[in-house]
There are 2 protein chains.
Amino acid sequence: MKEHFGCPIQATSNVIAGKWKVLILWHLSFASSRFSELRGLLPGVSEKVLAAQLRELEEDRLVIRTITQTVPPRVDYRLSPAGEELIPIMRKMCEWAGVHLGVLPNFTQRSIGAVGSK
Amino acid sequence: MKEHFGCPIQATSNVIAGKWKVLILWHLSFASSRFSELRGLLPGVSEKVLAAQLRELEEDRLVIRTITQTVPPRVDYRLSPAGEELIPIMRKMCEWAGVHLGVLPNFTQRSIGAVGSK
DNA sequence: CGGCATCCTATGCGATACTG
DNA sequence: CAGTATCGCATAGGATGCCG
């Protein structure tokens, strides 16, 4: 868990500050995913880092981890209510970047590898 | 300037990700300030780091730096239009933190007393 | 399949000293 | 007053290998 400094804006900024976290949250806003699915959606992430980011998101109560004890094991990640309420804010950030940073919002681009949405 | 990864949400997240940046933006949303005023508003920041954060905010076009060549020199920082449009988003982040992280929003608290959390 | 353990590098940040 | 220059540490993140 990150330090919050007593400032709520920093607190929110910190929980999404990891390199892959907003992408993870964004993908999970369309559909819950397994570990390997997320890895496929995030080209370039290592397993160690992906696991770490997911652990921190879980600690911060943004995502919920569901383990199914089978062989092979199955682990599903999905947004918590808190995580879902973050999505509208991320959408605002997306729009702001489009206007002020020249980075175009791309809601259809489920990222580099598009997957069917629900 | 930070890397944007081609993702607009990350782009926005990155420009406010510095340790002191949201506090700087927050203070400047109330009044433009001189370098020494900001230093006084941010207890614990070193001059080097404050200067660096301000330089990055300037590069990202969130703040505008106005130099008055007098003796002693005077430098004023204020929000750009882009910076001002970020404030409503930061307010949303503030409210979200209050609900989901238990970090209370404090809009009147112009100098935010640091209370570490975890 | 979904992870840890280990090693490594890059860099953000802090402390201090100096300067135009 | 408003910065730079230098040093040093802590940590995030990447590469690789092993495991239940």
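Below, chains carry the letters A, B, ... as their sequence lines are ordered, and counting in each starts from 1. The structure displayed is predicted, hence computed values, not measured ones.
In this structure, the CD atom of B/Gln69 is 14 Å from the P atom of C/dG20, given to the nearest Å. If you take CG of B/Asn14 and P of D/dA12, they are 16 Å apart, rounded to a whole angstrom. Taking atom CD of residue A/Gln10 and atom C1' of nucleotide C/dC13, one finds them 14 Å apart after rounding to whole Å. A/Leu54 places its CG atom 13 Å from the P atom of D/dG13, with the value rounded to the nearest Å. Following rounding to the nearest Å, A/Ile16 (CD1) and D/dA12 (P) show an atom-to-atom distance of 16 Å. In this structure, CG of B/Leu57 is placed 14 Å from P of C/dG12, rounded to the nearest angstrom. Between A/Ile24 atom CD1 and D/dG13 atom C1' the separation is 13 Å, expressed in whole Å. Between A/Leu42 atom CG and C/dG2 atom P there is a gap of 14 Å when expressed in whole angstrom units.
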inquiry  = Under the criterion side-chain contact (heavy atoms from CB on, under 4.5 Å), I'd like the reasoning laid out for A/Leu79 against A/Ile87: C-alpha separation, chi angles, the key distance, then a yes or no.
reply    = CA-CA 10 Å; A/Leu79 289 188; A/Ile87 301 297; 3.9 Å; yes
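Looking at every heavy atom in both residues, B/Ile16 comes nearest to B/Val22 through O-CG1, 3.7 Å. Between A/Leu23 and B/Cys7 the shortest heavy-atom distance is CD2-SG, 3.7 Å. In this structure, A/Pro8 and B/Ala97 approach most closely via the heavy-atom pair O-CB, 3.2 Å. Considering every non-hydrogen atom in both B/Ala82 and A/His100, the closest pair reads CB-ND1, 3.3 Å.
One finds no side-chain N or O of A/Arg55 lying less than 4.0 angstrom from the OP1 or OP2 phosphate oxygen of C/dG2. Neither OP1 nor OP2 of C/dC1 sits under 4.0 Å from any side-chain N or O of A/Ser36. Between B/Arg34 and D/dA2 there is a side-chain polar atom (N or O) within less than 4.0 angstrom of OP1 or OP2. Dashed line: the shortest gap from a side-chain N or O of A/Tyr77 to OP1 or OP2 of C/dG3 is under 4.0 Å. Phosphate proximity of C/dC13 to B/Gln53: present, with a side-chain N or O under 4.0 Å from OP1 or OP2.
Between A/Arg78 and A/Asp76 there is no salt bridge, since no side-chain nitrogen of the basic residue lies less than 4.0 Å from a carboxylate oxygen of the acidic one.
Two end axes, each from the C1' atoms of five base pairs, can be drawn for the helix from C/dC1-D/dG20 to C/dG20-D/dC1; they diverge by 50°, to 10 degrees.
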Could you list, one pair per line, each protein nitrogen or oxygen that sits under 3.5 Å from a nitrogen or oxygen of nucleotides 14-19 of chain D, together with the distance?
{"from": "D/dG14", "atom 1": "OP1", "to": "A/Lys19", "atom 2": "NZ", "distance (Å)": "2.5"}
{"from": "D/dG14", "atom 1": "OP2", "to": "A/Trp20", "atom 2": "NE1", "distance (Å)": "3.3"}
{"from": "D/dG14", "atom 1": "N7", "to": "A/Lys48", "atom 2": "NZ", "distance (Å)": "3.4"}
{"from": "D/dG14", "atom 1": "O6", "to": "A/Lys48", "atom 2": "NZ", "distance (Å)": "2.2"}

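Results of the side-chain contact (heavy atoms from CB on, under 4.5 Å) test with A/Val15 over A/Leu57, A/Leu25, A/Leu62 single out A/Leu62 as the only residue that passes.
Note: A/Trp26 and A/Phe30 have perpendicular aromatic rings, judged against thresholds of 30 and 60 degrees for the angle between ring planes.
In this structure, the separation between CE on A/Met90 and NZ on A/Lys21 is 12.5 Å, given to the nearest 0.5 Å.
Counting heavy atoms of neighbouring residues, nucleotides and ligands inside a 6.0 Å radius, atom CZ of A/Arg65 exceeds 12 of them.
For A/Arg65, taking side-chain heavy atoms from C-beta onward, the closest of the listed nucleotides C/dC13, C/dG3, D/dA2 is C/dG3.
Across all strands, B/Arg39 comes closer than 4.0 Å to no nucleic acid atom at all (heavy-atom distances). Note on B/Glu37: nothing from the nucleic acid sits closer than 4.0 angstrom, heavy atoms only.
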